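To keep things clear, I will list the structure first and then write my remarks on it.
The structure displayed is predicted, hence computed values, not measured ones. Protein chains get the first letters and strands the later ones, always in sequence-line order, with residue 1 at the start of each.
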Amino acid sequence: MTISIVLGLLACQPMMTLADESTDYTNEQLAEIAKIETQLQETVKMYEETANSVPVQSDPKDFYRAAKGSWSWRDGLICITTKGKGNQVVNTWHAAIVAPQQIQSVAEAPGENQQVRFTAGWWEDPAPYTVYQVAVNSTSVQEDWNAGQWAGRQIGKPYNTKFWDSRRTDRFYCSQLVWAAYYYTAGVDLNKNDNDLPWGFAIHPGEFVTNSNTTIVYRSR
Amino acid sequence: MRKRKRLQMLLLLTAFLSSLLGIGVWLFQLLNPMTATTLPLHPEADLYLLTNKGSYALDLEGDQFAVLEKSDRPVAEFVYHYYPRASFDDRYLVLSKGWEANYANYPTGVVSLDFETGKVHTTKTEHYAHTSAGHSKDYFYTLATTTGGTNITQFNAQGEELQTKVLPKLFVDRFFCDSSGHFYIGNVEDQEGIFTSTLLKVDEKDLTILEEIPLQTSDDIHLRFSESVVLDETLYTPLNSIRDNATKEIAAENQLLIKNLETGEEHYATLPQYFPNQVIPKGDYLFIEHGVTETGQVGFTVFNRVTEDSYFVDVATLLNQELDPNTSHLQRFNLDQQGRLFFNVNQEIVCMDVESGNLLSTFSLEEAEKVFYLWPTS
């Protein structure tokens, strides 16, 4: 029963890995995860509605002088897309961070059985998906660069399927990598606590676009 | 006892039916692959257009494109838009297909297309273009950057995997070379946050690094080159921008570094627009795409390697239509021997005369149709 709940929650993950990971959960923890799951559809809807209702702002730290509201390759910008595996719990959507090591690239944790990697090139997820970029408000250009560089140095590390174990730095899921980049380099905590449990916290990419510490500088539609 | 026997029979029957079903599915997939195994070749074709919706043989008569043949099966399910493809001997096209991520998962492999026989050959490999791809005169390469370095894998024109090796470096995007026996690859050294650009010369025999060539002399700045093209042992690499290593601020650039790799002599040519990115060599020309979101202009530079003259083509003006810089990316440049340049923007294939800069024709694609490659026949 307990295994089946986790499998249901994290349906897109291969069974072997999940079985290994899920053995760590107690029945009580699984019940708490299930509760988050029931709320997630509403939470994600709220993220999207909120992010689409606020105006896109100029990026004050953009030395490219890109037109307001344009896609930007400034180091440390957080990139988010609403495209993801629809049946996952916390890591629906996807997030990455512009990394300085490679030109026009992001560092990202793409998914199960995939290592953190650089991906070059613009993001193009057509409707109904939306792509956003957000800037962290309180940091300097140098701190944003540091965050991007830190994320770029995590390449090769495996995917983290334990979404509520977000403090670890030996493996990452997508939004955990972005959160950790700012948390461990600039001390900025982008966790809004929307998906927290008493014994751990998970970061959803939607928390970056609905966050008082960030500004949306690009929205694809 | 009888009950047990019945149970055993039931289990056997289930196993038999499952095997039969499995064989059936396998046979169906074998006989009906999702992707094409042949190209729709046509003797009159001027251009082959490969997309995610299928393959076209197109005729360009005067200013009109006409479809001569069309196959509804694509040669690959997905080809990442940003990574280069390779062509060999005016006959083979090799590209890396697929993508593995939770947000987009497509079968991976390396595809070789033979435009003489029409055969499409797919090699299943885990060494798909994970971080990037590139090619030399004879081989196609895929790259995967990991903590330990970059895993580089060599394929021949037929798409067969020949060798793979981990090089203990972090590499920038792409490489390109017309030499046999070695190739060059751009590299960024990260020393405690001080980045410097270098060029590595790699032996094609065993993928060992032969030489490291510095591309900058000062540690105060980081010259941010986009792509490297090496033709006749001359490096052409657009300087996209310069980062101040102290403040991390970035300044726009519009230069093209031209460096003779045999003598070490180098100079810069000024380009007519800032943020040069992808560079595609064809004959005497380099076609250089510029960052559309940074410049706010959808266009590219035509650079003549012989005269070092260049001009900027504003594609919105060329097509006489408004183009949104956030969605109008220029891709898949190719040139035929008659000087007709083909490229893709949004849902259009554009053909222009490279000498005059005049628009010759356009061909409209279906909604959400993505172009994998444009292959002129002459």
Counting heavy-atom pairs under 4.5 Å to chain B, which of Gln114(A), Gln142(A), Arg117(A) comes out on top? Arg117(A)

Check whether His130(B) gets within reach of chain A through its side chain, its backbone, both or neither, counting any heavy atom under 4.5 Å. both

Can you say whether Gln149(A) sits under 4.5 Å from chain B via the side chain, the backbone, both, or neither, judging by heavy atoms? side chain

Any side-chain heavy-atom pair of Cys79(A) and Trp123(A) under 4.5 Å: yes

Please check if atom CD in Glu366(B) has more than 12 non-hydrogen atoms from other residues, nucleotides or ligands closer than 6.0 Å. yes

Looking only at Thr327(B), Thr295(B), Asn277(B), most heavy-atom pairs under 4.5 Å shared with chain A are made by Asn277(B)

Rounded to the nearest 0.5 angstrom, the CG-CG distance for Leu330(B) and Asn346(B) is 8.5 Å

Which atoms of Tyr274(B) approach chain A - backbone, side chain, both or neither, heavy atom under 4.5 Å: neither

dist Phe372(B):CZ -> Phe78(B):CZ (nearest 0.5 Å) comes out at 8.0 Å

Please check if atom NZ in Lys165(B) has more than 12 non-hydrogen atoms from other residues, nucleotides or ligands closer than 6.0 Å. yes

Got a second to check how far Ser226(B)'s OG is from Glu289(B)'s CD, nearest 0.5 Å? 8.5 Å

Relative to chain A, which of His329(B), His222(B), Arg243(B) shows the most heavy atom pairs under 4.5 Å? His329(B)

Report which part of Tyr129(A) has an atom under 4.5 Å of a heavy atom belonging to chain B: side chain, backbone, both, or neither. neither

Give a yes or no on whether a salt bridge exists between Asp144(A) and Lys248(B), defined as a side-chain N under 4.0 angstrom from a carboxylate O. no

Ranked by heavy-atom pairs below 4.5 Å to chain A, first place among Asn326(B), Val292(B), Asp324(B) goes to Asn326(B)

Check each atom of Ala246(B) against the heavy atoms of chain A and say whether the ones under 4.5 Å are side chain, backbone, both or neither. backbone

